[in-house]
Every structure is written in C-alpha cells, then in structure tokens.
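Encoded as structure tokens, the structure appears first; notes follow it.
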Amino acid sequence: MRRIKKGDLVRIISGKNATKEGIVLSVNWKNNTAIVEGLNIVKKHAKPSQKNQNKGGIKTFEAPIHVSKLALVVAKAPQGISKISYRFDKSNKKVRVSKKTNTEIEKGKK
C-alpha cells in the first residue's frame, strides 16, 4: 500500500544510513522506492560528452531507497516511529493514522 508520501518525515530502519531521518522528496510506486533528502548519497563519475561539454567530474546525488526500509517519524510514539493504518473521519474522508499513538497524521505536517 502507498503509506509513505511526498513531504513525510521518515527514518531509515536498515542499511548504512540506519537511524538517520529526512524528508521524502519523491516516491516511485512502480519500483517501490523513495528519494529522501540528504540520505543515501552516492557518487557517480561522468565524462564530458557532446551534451555536457567541460562538465565532467564526480557528481553526488540522492539515490532511491526501497520503501520497506523507511518508517514514518511520529513525535509521541515510544521509539519515535510508527506504522500507518487508515480509517474514515467524521466527514467520511479516508485519513492516515499512526498505529502506536492512534492519532491522525495531518497532511503537510512533519
């Protein structure tokens, strides 16, 4: 399910960047990956080409991370992270809910 969304504050739970936090910049649901700001930085060597004349060198950028390695950061949760569930509010709209704190995750809040 599509529980992690653009703009969410997430923590990486496994891998070389475990316990680091960042904001989701984009999500690719076709590959189940997300790009998190400032995390999973990789370097790529680029040669000058016809398209990029005089712009060879080492480029650094954020690489995609699989969504299963991300957990949503919730302020009042015991360990700071929580799984996400869904329910309907009073106006019959579907909202995201933190499973540990049983509170609604507001859109746009980090």
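Computation of the quantities below employed the complete heavy-atom set of this structure, encompassing side-chain atoms and omitting hydrogens, waters and symmetry-equivalent molecules.
- If you run side-chain contact (heavy atoms from CB on, under 4.5 Å) between E37 and each of V24, V10, I23, only I23 comes through.
- Side-chain contact of T33 with N31: a donor-acceptor pair under 3.5 Å is absent, judged by distance alone.
- Heavy-atom neighbours of K6 NZ from other residues, nucleotides or ligands within 6.0 Å: at or below the threshold of 12.
- Of all heavy-atom pairs between R11 and V73, the closest is N-CG2, 3.8 Å.
- In this structure, R87 contributes its side chain and K94 its backbone to no donor-acceptor pair below 3.5 Å.
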Requested in this report: Could you give me the CA-CA distance, side-chain angles and deciding distance for L39 and K20, then say whether side chain to side chain contact (heavy atoms under 4.5 Å, CB included) is met?
Outcome: CA-CA 8 Å; L39 300 179; K20 293 185 180 178; 3.6 Å; yes
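- In this structure, I105 CD1 and D8 CG are separated by 7.5 Å, a value rounded to the nearest 0.5 Å.
- Connection of W29 to I65 is established within a shared hydrophobic cluster, with ILVMFWY side chains joined at heavy-atom distances below 4.5 Å, either directly or through further cluster members.
- At least one side-chain heavy atom of H66 sits under 4.5 Å from a side-chain heavy atom of N32.
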Requested in this report: Determine, stepwise, if the pair V36 / L70 fulfils side chain to side chain contact (heavy atoms under 4.5 Å, CB included).
Outcome: CA-CA 10 Å; V36 181; L70 301 176; 4.1 Å; yes
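- Inter-residue side-chain proximity for Y86 and R96 is flagged as met; some heavy-atom pair is nearer than 4.5 Å.
- Taking all atoms of both residues into account, the shortest heavy-atom contact from S82 to S98 is OG-OG, 2.8 Å.
- In this structure a side-chain-to-backbone donor-acceptor pair under 3.5 Å is present from D89 to N92.
- Between I41 and F61 the shortest side-chain heavy-atom distance does not fall below 4.5 Å.
- Summarising the local packing, NZ of K100 is surrounded by more than 12 heavy atoms from other residues, nucleotides or ligands at distances under 6.0 Å.
- The two atoms that bring I12 and S14 nearest to each other are CG2-O, 3.1 Å, heavy atoms only.
- One distance of note links NZ of K83 with OG of S85; it measures 11.0 Å at 0.5 Å rounding.
- Without hydrogens or angle criteria, R3 side chain to I84 main chain gives a donor-acceptor distance under 3.5 Å.
- Without hydrogens or angle criteria, N102 side chain to K99 main chain gives no donor-acceptor distance under 3.5 Å.
- Here the options are L72, I13, V74, the test is side-chain contact (heavy atoms from CB on, under 4.5 Å), and the partner is I81; only I13 passes.
- Contact between E62 and L25 at its shortest, heavy atoms only, is OE1-CD1, 4.2 Å.
- Atom NZ of K43 sits about 7.0 Å away from atom OG1 of T60, to the nearest 0.5 Å.
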